[in-house]
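Data block below; observations after.
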Amino acid sequence: MDGFDRTDTLLPDIWAGHARRCPDRPALVCDGQSLGWGAFNAAMNRLANALLAAGLDRGDRVAVLCSSSIVACVAMFGVVKAGAVLVPVSGMLTADQVATLVADAGARFVIATGDLRHLVDPERLPELRPDGRIGADFSGDGWVHLDAFCADAPADEPAVTLCGADPFSIMYSSGTTGLPKGVVHTHAARTYFCLSNGFEMRFDGAARGLVTTALYTAGTWLVVMPTLFVGGTLHIHRQFRPETFLATLAREAITHTFVVPSQIQMILAGGGFGETDLSRLKMMLSAGSPLRPDIKARLIGIIGAKFFELYGFTEGSSTLLRPEDQAARPLSVGTPLMGQEIVILDADGRPCPPGEPGEIAGRGPGLLRGYHNRPAETAAAIWRDARGRSFIRSGDVGRLDAEGFLYILDRKKDMIISGGLNIYPADLEAAVGAHPEVLEVSVIGTSHEKWGETPVAIVVLRPGSTLSAEALLAWSNARLARHQRLSAVHLSESLPRNALGKVLKRELRAAFSTADEPASGAAA
């Protein structure tokens, strides 16, 4: 018997609906410019149709290396409307790191803004089409301007039929000196991301979001995606400045915003928060790293029951500490978002009872489909419960209380979170260890008043070396992405190890507990 086709709830269809219903409502605002929903959707459609006319096939990957701007949103989501897979790329990476990431994705096209064009080396990108470099705001030297690329393309909806199981994006969880892991999310997972975060954090059609962090990050998408999902207005700041941020909150009647702990500290230090009109604000979200309890209490005293904290990871599992729970459980990271589930696993992979620490694992509709071209690593990340359901193993250590609130105890993977950005010590250790006079190196995260954490290297030099800590610091930072740069190098005669030869990073953290001062060369 004939029946109706299955219809998935997909973001390209949602965006097209907003364009039909409220074409003149501002969708994007940046640097004094505004783009209405009708024009935004038409621009996405022209890019999608131009890509299809240029030979893009469904499922092809397109890398987007754009600084925060209106055109960055057009590029990212126009790619999706073409049936391609969006690969957002960090502008903080080195050219070597960008080449590694884009080659791993197998991108056929790259869209970049002029300030980041120097990071793209087509000779190192085997899958990139000869005509596959699109300048979002420039042309020349093998790049075609976005306007010229789309000049003959219609603004009609692309002739592409998508389904929820199709890949939406490959978001790389870190920029590395080796081969990073690409996290693949489907259209269904991204729709759930919008639904769950939008519902939990009070988004509606009148939402006016404000983001000041980079558009390629998963944290920034916590406001970007729900705002666009409900047909609201997204305000984009290219850089974070406390005074500009506060003025925009008041002037534009912002309802939702995302900030990292270091930004909150900068705002509070300036003293202007208490004078800002926050009457329209519904939600201020912090994620990326823990906020100190005293700073949190001060912030809540100013803005009231509007502060949310999220713990999660790029792969798609998360918990939320809601305003009503802040006072009773200030040290918790909350409970899972709607539709999600968290378990704690012991060393043998068995669920732990409440109060017992272990590895955090999570599941839900927003979970990744897998790691791009990494079947072994995908399989290694999966834990299945007695019902056969798949959870992702986070590598973080935590515990659940009797009511299901999660508490983070340690980062099993030694990840450092600085200014809301993830830094992996192994990447930095590889860079520092490449110096010919370095014998051993261990990188740890130490506390920092402004950034929350900052990376520090403890180094053992080869016998007879006269290399200074300052010289090694400069050499290393020249080879690292901006957000990865070391704040200090400490020279040591040896590194503490256990009986199996593993470096005891807990002892290093105890010895170097803070790093608010400039780089040090003192011997340990």
Side-chain angles (χ1 to χ4, degrees), residues 11 28 30 44 47 61-80 84-105 107 109-120 134-137 146 167-176 180-185 189-190 193-194 197 209-228 234-240 258-260 263 285 287-288 312-316 368 372 417-424 427 481-484:
L11 296 180
L28 304 169
C30 182
M44 289 190 288
L47 173 57
R61 275 77 64 191
V62 178
V64 175
L65 180 61
C66 293
S67 54
S68 294
S69 56
I70 288 175
V71 73
C73 289
V74 171
M76 288 194 302
F77 302 126
V79 163
V80 171
V85 184
L86 165 65
V87 184
V89 182
S90 167
M92 297 180 69
L93 302 180
T94 65
D96 286 346
Q97 292 169 325
V98 168
T100 298
L101 185 153
V102 176
D104 181 66
F109 292 83
V110 173
I111 305 175
T113 46
D115 56 326
L116 302 176
R117 65 187 293 183
H118 65 284
L119 297 177
V120 178
I134 304 169
D137 53 5
L146 178 65
F168 181 104
S169 61
I170 302 175
M171 186 171 280
Y172 283 80
S173 55
S174 70
T176 68
K181 291 187 296 186
V183 178
V184 181
H185 281 108
R190 286 308 183 193
F193 180 90
C194 295
N197 286 291
L210 170 62
V211 292
T212 63
T213 48
L215 289 175
Y216 61 80
T217 65
T220 307
W221 279 27
L222 290 165
V223 165
V224 171
M225 300 296 276
T227 300
L228 299 181
L234 179 69
H235 290 256
I236 303 166
H237 285 187
R238 292 180 181 270
Q239 295 180 324
F240 174 75
F258 171 73
V259 287
V260 296
Q263 293 176 334
L285 173 67
F313 34 99
T314 305
E315 285 82 349
L368 78 165
H372 178 63
I417 302 178
S418 182
L421 296 174
N422 295 347
I423 301 173
Y424 293 84
D427 301 335
R482 281 182 294 166
H483 69 294
Q484 294 176 314

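Atom SG of Cys73 sits about 4.0 Å away from atom CD1 of Ile236, to the nearest 0.5 Å. Once rounded to the nearest 0.5 Å, the distance linking SG of Cys66 with CD1 of Ile134 reads 10.0 Å. Leu119 contributes atom CG, which lies 11.5 Å from atom CE of Met92 (distance to the nearest 0.5 angstrom). Taking NE2 of His237 as the reference point, atom OG1 of Thr213 lies at 11.5 Å (rounded to 0.5 Å). Met76 CE to Leu47 CG: the interatomic distance, rounded to the nearest 0.5 Å, is 12.0 Å. A distance of 11.5 Å separates OG1 in Thr113 from CG in Leu146, rounded to the nearest 0.5 Å.
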Problem set entry | CA sep, side-chain torsions, deciding dist, call: Val89, Val110, side chain to side chain contact (heavy atoms under 4.5 Å, CB included) | CA-CA 10 Å; Val89 182; Val110 173; over 6 Å; no
Exercise. What's the verdict on side chain to side chain contact (heavy atoms under 4.5 Å, CB included) for Met225 and Phe77, showing C-alpha distance, side-chain angles and the deciding distance?
Worked result: CA-CA 11 Å; Met225 300 296 276; Phe77 302 126; 3.7 Å; yes
Exercise. What's the verdict on side chain to side chain contact (heavy atoms under 4.5 Å, CB included) for His483 and Leu93, showing C-alpha distance, side-chain angles and the deciding distance?
Worked result: CA-CA 8 Å; His483 69 294; Leu93 302 180; 4.1 Å; yes
Problem set entry | Test side chain to side chain contact (heavy atoms under 4.5 Å, CB included) applied to Val87 and Leu101, step by step | CA-CA 9 Å; Val87 184; Leu101 185 153; 4.0 Å; yes
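Remark: side-chain polar atoms of Ser418 are not paired, donor with acceptor, to backbone N or O of Leu421 under 3.5 angstrom. Checked by atom type and distance alone, the side chain of Thr220 pairs as donor or acceptor with a backbone atom of Ala214 at under 3.5 Å. Counting only distance, with no hydrogens or angles, the side chain of Tyr172 and the backbone of Ser90 share no donor-acceptor pair below 3.5 Å.
When all heavy atoms are compared, the tightest approach of Glu315 to His185 is O-NE2, 3.1 Å. Heavy-atom minimum distance, Val260 versus Gly420: CG1-CA, 3.8 Å. The two residues Pro167 and Val184 come nearest to each other via the heavy atoms CB-CG1, 4.1 Å. The minimum heavy-atom distance between Leu86 and Val64, with the atom names listed, is CD1-CG2, 3.6 Å. Scanning both residues, His372 and Ala105, for their nearest heavy atoms gives NE2-O, 3.5 Å. Nearest heavy-atom pair, Cys30 versus Ser68, reported as atom, atom and distance to 0.1 Å: SG-O, 4.4 Å.
Relative orientation of the Phe168 and Trp221 rings is perpendicular, given thresholds of 30° and 60° on the angle between their planes.
The one candidate from Leu222, Leu228, Thr227 that meets the side-chain contact (heavy atoms from CB on, under 4.5 Å) condition with Val224 is Leu228.
Annotation: side-chain hydrogen bond (donor to acceptor under 3.5 Å, both in side chains) contacts of Arg482 (sequence neighbours excluded): none.
Between Val80 and Leu11, the closest side-chain pair of non-hydrogen atoms is not below 4.5 Å.
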